[in-house]
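Read the structure below first, then the notes.
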Protein chains: 2
Amino acid sequence: MARMVAERSDAIASLAEVFREHGYEGASLALIGKATGLGKGSLYHFFPNGKEEMVQAVLAEIEQWFEDSVYSPLRDGTDADAAIAAMLDETTKYFRSGRRVCLVGALAVANTRDLFAQAIRGYFVAWVDALQSALVRQGREAEQARLLSEDAVLAIQGAIVLSRALDDPAVFQRAIDQLRGRLAVKGKTIRDEGSAPVSP
Amino acid sequence: MARMVAERSDAIASLAEVFREHGYEGASLALIGKATGLGKGSLYHFFPNGKEEMVQAVLAEIEQWFEDSVYSPLRDGTDADAAIAAMLDETTKYFRSGRRVCLVGALAVANTRDLFAQAIRGYFVAWVDALQSALVRQGREAEQARLLSEDAVLAIQGAIVLSRALDDPAVFQRAIDQLRGRLAVKGKTIRDEGSAPVSP
DNA sequence: TAATGTCTTTACTGATCGGTACAGTAGCCC
DNA sequence: GGGCTACTGTACCGATCAGTAAAGACATTA
């Protein structure tokens with residue numbers, strides 16, 4: 001019985017899910033084996049450095065997905081406003097309205113942070129930079145765009161935490177809607193409770 | 001050799017720190033013993049139900065601290081604006097500008113969430129409710145105050161995540177400053193990049 | 001068909017896990 | 001002084017941990 005999972009990459013989606021659900025320490029090789037359908041032998045064949053390499057592979061795939069689906073449109077999209085709206089939509093889908101944890105964020109607050117510091121940092125730096133770029137293309141000043149971008153990324157992470165804590169996806173939705181207003185082009189599309197940036 | 005730590009409560013601060021630093025699963029009894037200076041015998045004498053009871057005790061103490069230092073002033077303070085400013089100051093100190101993790105938030109995104117669901121939920125519900133109360137006393141409409149309150153609590157959690165991910169306490173500070181503007185009384189103290197609620 | 005390289009299974013290691021049992025020891029009350 | 005209770009250290013439990021080793025099974029190539 002061999003070659004049931006031909007590609008190492010086939011396992012990465014399952015790995016991501018099991019690490020999201022159980023964390024780095026909580027995801028035992030037994031759980032990982034069950035989730036991927038792979039025995040220890042196969043796991044160590046594909047990932048000779050064990051769990052650490054598995055997480056690094058998962059983080060690389062996550063980064064790639066965000067690069068393609070979120071960062072790249074934010075940086076290069078002709079319509080900055082549309083790219084920002086798409087970011088919020090994709091993010092909502094990806095995190096399942098807060099029901100799904102952000103693995104990168106979860107690793108950042110865990111004691112394993114140092115092990116994956118570079119990947120964690122890279123993920124967030126790229127996100128903030130890409131969003132800032134879109135905000136600048138909207139016509140905002142660079143410094144203000146940076147603050148707003150940081151604020152938006154941070155709000156998404158906080159929304160995941162709070163909506164899980166309250167077990168209420170509506171909290172996540174409201175946070176995204178709030179962002180939709182705050183990230184809209186200056187002076188237009190201001191929602192009644194929204195907060196438009198005020199130019200000096 | 002007995003009675004070296006007279007009170008069970010003496011251990012709780014150490015317990016809180018070790019759970020913050022290593023998480024629920026990561027905090028082994030060996031680590032806990034080292035952190036508290038207590039052997040397994042003493043630990044199980046004070047907390048017969050093991051780690052779970054230790055965490056519950058820590059959560060209860062955290063809730064109490066926030067109740068006294070943050071929620072109660074927000075609910076009952078004569079000067080709502082001052083209570084909000086105090087909340088931001090106390091929060092910054094407590095979380096050490098993002099260098100210290102929020103245990104409740106960390107548990108909320110871990111797989112152990114269900115074990116402590118009630119305590120986690122209680123912590124955040126109380127926070128949002130208390131802040132909303134202060135915002136209403138500022139003269140805001142209830143619904144709007146609720147949204148803004150949720151948004152602020154969520155931003156603090158997100159600020160911890162992002163500032164740890166980027167290993168930069170300034171990120172946390174900026175987020176708190178941003179909140180200082182957004183939570184100020186309508187129409188005054190609006191910072192240039194801030195976002196004041198717009199009354200209908 | 002034979003050899004090769006790629007996977008997979010199985011059995012195993014030593015360490016550590018959370019938790020228990022229990023014999024003690026120190027302080028307190030009488 | 002003699003119990004009594006409160007606490008502590010140690011030895012131990014079975015389970016599980018991450019990781020290793022090696023032989024077997026299959027597909028591909030020759």
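Residue numbers begin at 1 in each chain, while the letters A, B, ... track the order of the sequences.
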Of A:Val104, A:Val58, A:Val55, A:Leu103, which meets side-chain contact (heavy atoms from CB on, under 4.5 Å) against A:Phe116?
A:Val55
Find the distance [X]:[atom1] to [N]:[atom2] and express it as a whole number of Å.
| X | N | atom1 | atom2 | answer |
| --- | --- | --- | --- | --- |
| A:Lys34 | C:dT9 | NZ | P | 15 Å |
| B:Ile32 | C:dC17 | CD1 | C1' | 12 Å |
| B:Leu43 | D:dA6 | CG | C1' | 16 Å |
| A:Leu31 | D:dG19 | CG | C1' | 17 Å |
| B:Arg8 | D:dT5 | CZ | P | 21 Å |
| A:Tyr44 | D:dA18 | OH | P | 7 Å |
| A:Phe46 | C:dG5 | CZ | C1' | 13 Å |
| B:Asp10 | D:dA6 | CG | C1' | 15 Å |

At 4.0 Å (heavy atoms only), tell me whether [X] reaches a base, stays on the sugar-phosphate, or touches nothing.
| X | result |
| --- | --- |
| A:Lys40 | base |
| A:Gly41 | base |
| A:Ser42 | base |

Check for a donor-acceptor pair, side chain of [X] on one end and backbone N or O of [Y] on the other, with a separation under 3.5 Å.
| X | Y | result |
| --- | --- | --- |
| A:Ser149 | A:Ala145 | no |
| B:Lys51 | B:Tyr24 | yes |
| A:Asp79 | A:Ala82 | yes |

Is the phosphate of C:dT16 approached by B:Ser28 (side-chain N or O, under 4.0 Å from OP1 or OP2)?
no
So, for A:Ala11 and A:Leu38, which heavy atoms are closest and what is the spacing to 0.1 Å?
CB-CD2, 4.1 Å
Result for 5'-nearest mapping on DNA chain D, choosing between B:Gly39 and A:Tyr24, is B:Gly39
Candidates C:dT20, C:dC7, D:dA6 - which lies nearest the side chain of B:His45
D:dA6
